[in-house]
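In what follows, a single structure is set out as structure tokens and then discussed.
Order of listing sets the numbers, starting from 1, for every ligand and every atom in it. Note that the coordinates shown come from a computational prediction; the quantities given were computed from them, not determined experimentally.
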Amino acid sequence: MKIGILAVQGAFAEHEAALDALHLPYKEIRCKRDLQQSFDGIILPGGESTVQGKLLHELQLFAPMRQWIANGMPILATCAGMILLAQTIEEQDTAYFATIPITVRRNAYGRQLGSFHTECECRGIGKIPMTFIRAPYVTQVREGVSILSTVEGHIVAVQYQKQIALSFHPELDHDYRLHQAFLELCRQ
Ligand code: GLN
């Protein structure tokens, strides 16, 4: 099994550490040539969605990756990655991959005091640590989206087909159960 990790900007190294801990091989996706290999699943890390979106286009990664995702590639997306997958982004005219029918609010907890840590239930997994960093949350889900977790009334984890999108960063807490759930989707 081989996982691709989008490595154009943001917190991709932390996901690499997670896969190292799980003894799973991965390859970084940095340029178009990296898409010549085949992947069983892709991780979209946290970072800055506007920068990632711009780089995806500039590096000509956007169209082929969107095609893969639309065709059912398993995806684990954290934070900015969730924004890249959302069909609708509040107060923004355009979206990015737009492959999950949800609406997200960027920097939903505020820009300055936006980082916090909690523990909460995640469907099918149990109580997990959750670190939020200038995180988005989901303000609307549409048909076919399962809600995996809500924190204080806000949706922070969803699954749509084989795409898992999280507001928080499990890779920072060294709790890899969500990575394992994603790897299970990749094996199917
Ligand atoms: N605030 C960032 C954005 O809007 C996301 C933050 C993160 O990925 N930790 O893209």
Side-chain angles (χ1 to χ4, degrees), residues 3-19 26 28-30 41-59 61-62 65-66 69 74-120 122 128-141 145 147-152 154-160 163-179 181-182:
I3 304 301
I5 301 184
L6 182 67
V8 295
Q9 191 268 340
F12 51 89
E14 289 78 355
H15 283 286
E16 293 175 358
L19 295 191
Y26 57 80
E28 291 185 346
I29 299 174
R30 290 177 175 270
I42 290 179
I43 295 181
L44 303 177
E48 196 54 41
S49 55
T50 49
V51 178
Q52 293 182 359
K54 192 164 165 277
L55 288 170
L56 282 166
H57 282 289
E58 281 176 13
L59 298 165
L61 294 170
F62 185 83
M65 284 185 69
R66 185 179 192 285
I69 302 169
I75 304 288
L76 177 65
T78 52
C79 211
M82 171 190 259
I83 297 167
L84 293 184
L85 295 179
Q87 211 168 58
T88 315
I89 304 165
E90 285 189 2
E91 290 175 28
Q92 235 172 266
D93 294 333
T94 52
Y96 301 99
F97 293 129
T99 49
I100 304 186
I102 53 174
T103 301
V104 294
R105 180 174 302 170
R106 289 183 62 206
N107 301 310
Y109 298 94
R111 274 174 188 276
Q112 301 308 324
L113 290 167
S115 302
F116 64 98
H117 183 83
T118 188
E119 269 196 17
C120 218
C122 191
I128 55 167
M130 297 179 177
T131 295
F132 294 82
I133 303 170
R134 293 179 300 107
Y137 58 62
V138 178
T139 53
Q140 247 187 67
V141 295
V145 177
I147 297 171
L148 300 181
S149 185
T150 56
V151 171
E152 288 168 13
H154 299 303
I155 301 166
V156 298
V158 295
Q159 181 170 347
Y160 179 70
Q163 303 168 66
I164 297 174
L166 312 171
S167 300
F168 53 92
H169 293 272
E171 72 282 6
L172 295 180
D173 285 308
H174 309 288
D175 182 313
Y176 301 135
R177 285 175 290 171
L178 271 162
H179 286 77
F182 159 66

[atom1]-[atom2] distance between [X] and [Y], expressed to the nearest 0.5 angstrom:
{"X": "Glu14", "Y": "Thr131", "atom1": "CD", "atom2": "OG1", "result": "11.5 Å"}
{"X": "Glu48", "Y": "Arg106", "atom1": "CD", "atom2": "CZ", "result": "5.5 Å"}
{"X": "Arg134", "Y": "Ser167", "atom1": "CZ", "atom2": "OG", "result": "13.5 Å"}

Check this for me - ligand 1, Ala80, N or O atoms closer than 3.5 angstrom, yes or no? yes
Min N/O separation Ala135 to ligand 1 under 3.5 Å: no
Which of the numbered atoms in ligand 1 are below 4.0 angstrom from a heavy atom of [X]?
{"X": "Gly46", "answer": "8 (O)"}
{"X": "Ile83", "answer": "3 (C), 4 (O), 10 (O)"}
{"X": "Asn107", "answer": "1 (N)"}
{"X": "Cys79", "answer": "5 (C), 6 (C), 7 (C), 8 (O), 9 (N)"}
{"X": "Ser49", "answer": "3 (C), 4 (O), 10 (O)"}

Which bit of Arg106 gets closer than 4.0 Å to ligand 1, counting heavy atoms only: side chain, backbone, both or neither?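 Side chain only; the backbone of Arg106 stays clear of ligand 1.
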Whether over 12 other heavy atoms sit under 6.0 Å from Glu152 CD: no
Can you tell me if His169 has a non-hydrogen atom under 4.0 Å from ligand 1? yes
With a 3.5 Å distance limit and no angle check, can you tell me whether Glu171 reaches the backbone of Leu19 through a side-chain donor-acceptor pair?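 No, because the side chain of Glu171 does not come within donor-acceptor range (under 3.5 Å) of the backbone of Leu19.
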Give a yes or no on whether the backbone of Gly46 and the side-chain of Thr78 come within a donor-acceptor separation of less than 3.5 Å. yes
Aromatic ring pairing Phe97/Phe62, orientation class (parallel under 30°, perpendicular over 60°, tilted between):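 Aromatic pair Phe97/Phe62 classed parallel.
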Provide, to 0.1 Å, the distance between atom 2 (C) of ligand 1 and the closest protein heavy atom, together with that atom's residue and name.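 Checked against all protein heavy atoms, atom 2 (C) of ligand 1 sits closest to Gly47 O, 3.4 Å.
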